[in-house]
Amino acid sequence: AKTGGKNTWQRYRDEMHDAMLRRLEMRSALNEAVAGGQMRLRFQPIIDLPTGQVAGLEALVRWQHPVRGLLGPNEFIELSEETGSVVEIGGWVLREALRTFAHWRTTEAGSFMRYVSVNVSARQFRTPGFVDEVREVLADTGADPRWLLLEVTESLVLHDADQVWRDLGELRAMGVRIAIDDFGTGYSSLSYLSNMPVDVLKIDKSFIDDILHNPQQMALVETIVSLARTLELAVVAEGIELDGHRTALADMGCSYGQGYLFSKPVTSDEFLEYLHTQGSA
Ligand code: C2E
Ligand code: CA
Ligand code: CA
Ligand code: CA
């Protein structure tokens, strides 16, 4: 079966070749991206569910690619973990997020916000000197360590526990708080959970999506929320898209929520505007 003079194998080979080239291109472009000033941040509010107030925000990275436009992290973070550029990207995100948050805290509209959440990849966290870098960025930006919530993955906390747990402990001793991101999608065992060096659980969106139509899913989320309360951890539910999600989660005692119902991730100007509309509400 021939199409356009090429058989299936040839077309397959061409596509593989193109994909490889694209990846190679991405790799080298990504290595230049931070120095080239191509990284951007978006900010998504995190809501205190009982009061409806903005408790804080999560900083989310974007890449303004010179040819392809604005790319989301799903299109480059994995690759940057492979090449190691995630260390530089993550360092930029941390500094930029704290600089922006420290500034907002001095404005009337932002003075009541309690924290900024920053994602830290496993490779970035394990890079020697990470804790010192956090200390240095806090000092440079004049940010209070208690403003910073670092979001790490379940697997980071579970694997090579020794050095990682020491570093988590050192950060917490400084006043920085630690969240387990996408909680429930990994392999946390109950025995680990009871003495993990963390402060916050973020329940992954995949658990929230279906709670209104699936009683089992609802019960599962309720279990996570009450487990967190037993362990004296705060809980953030992600992916709140419907008012029904919000009320169900508030009713079961979930303290914080994040999702499109409140706001998508937005630019710093849009975020300030959002804060103003909240203040006058
Ligand atoms: P995440 O940490 O779980 O971040 C939440 C993601 O869910 C964000 O996607 C956000 O836009 C999206 N989201 C929030 N609320 C809703 C909702 O109501 N509905 C839907 N459909 N989506 C919602 P985003 O910004 O594309 O980020 C994707 C992932 O990339 C993040 O997932 C995080 O794991 C990673 N990431 C983002 N920024 C960074 C960073 O600075 N460093 C590292 N290492 N990873 C990052
Ligand atoms: Ca996150
Ligand atoms: Ca998450
Ligand atoms: Ca997630």
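Both counts, for ligands and for their atoms, begin at 1 and track the order of listing. Heavy-atom basis, side chains included; hydrogens, waters and symmetry copies ignored.
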### Query
Going by heavy atoms, is Gly72 under 4.0 Å from ligand 1?
no
### Message
I want to know whether Trp63 and Phe76 have ring centres closer than 6.0 Å.
### Response
yes
### Message
Please name the atom of Asp181, limited to N, O or S, that comes nearest to the Ca ion (ligand 3).
### Response
OD1
### Message
Give the atom numbers and elements of ligand 1 that come within less than 4.0 Å of a heavy atom of Asp182.
### Response
3 (O)
### Task
Classify the contact between Lys202 and ligand 1 as side chain, backbone, both or neither, using a heavy-atom distance cut-off of under 4.0 Å.
neither
#### Entry: ligand 1 contacted by Gly90 (non-hydrogen, < 4.0 Å)
no
### Message
Counting only heavy atoms closer than 4.0 Å, does ligand 1 sit against the backbone of Asp181, its side chain, both, or neither?
### Response
side chain
#### Entry: Phe43 ring center within less than 6.0 Å of Trp104 ring center
yes
### Message
Within 3.0 Å of the Ca ion (ligand 2), is there any N, O or S atom belonging to Glu238?
### Response
no
### Query
Can you tell me the N, O or S atom of Glu58 that's nearest the Ca ion (ligand 2)?
OE2
### Query
At a 4.0 Å threshold, what atoms of ligand 1 neighbour a non-hydrogen atom of Pro265?
11 (O)
### Query
Of Phe125, Tyr260, Phe262, which has the heavy atom at the shortest distance from atom 22 (N) of ligand 1?
Tyr260
### Query
Of all N/O/S atoms in Glu151, which lies nearest to the Ca ion (ligand 2)?
OE1
### Query
Hey, is there an N, O or S on Ser117 sitting under 3.0 Å from the Ca ion (ligand 2)?
no
### Query
Taking non-hydrogen atoms only, is Gln44 closer than 4.0 angstrom to ligand 1 via side chain, backbone, both or neither?
side chain
### Message
Under 4.0 Å from a heavy atom of Asn74: which atoms of ligand 1 are those, numbered in the order shown and with their elements?
### Response
28 (C), 29 (C)
## Note on the structure
Atoms of ligand 1 under 4.0 Å from any heavy atom of Val93, numbered from 1 in the order shown, are 41 (O)
### Summary
Atoms of ligand 1 under 4.0 Å from any heavy atom of Glu58, numbered from 1 in the order shown, are 2 (O), 4 (O)
### Task
May I ask you to check whether Val86 has an N/O atom sitting below 3.5 Å from an N/O atom of ligand 1?
no
### Task
Would you check, one step at a time, whether the test side-chain contact (heavy atoms from CB on, under 4.5 Å) holds for Ile203 with Val236?
CA-CA 6 Å; Ile203 306 178; Val236 184; over 6 Å; no
#### Entry: Numbering as shown, the atoms of ligand 1 that approach Glu238 to under 4.0 Å (heavy-atom distance)
3 (O)
### Query
Non-hydrogen atoms of Arg62 versus ligand 1: any pair closer than 4.0 Å?
yes
### Query
From the Ca ion (ligand 2) out to just under 3.0 Å, does an N/O/S atom of Asp182 turn up?
no
### Query
What atoms of ligand 1 come within less than 4.0 Å of a heavy atom belonging to Glu241?
17 (C), 18 (O), 19 (N), 20 (C), 21 (N)
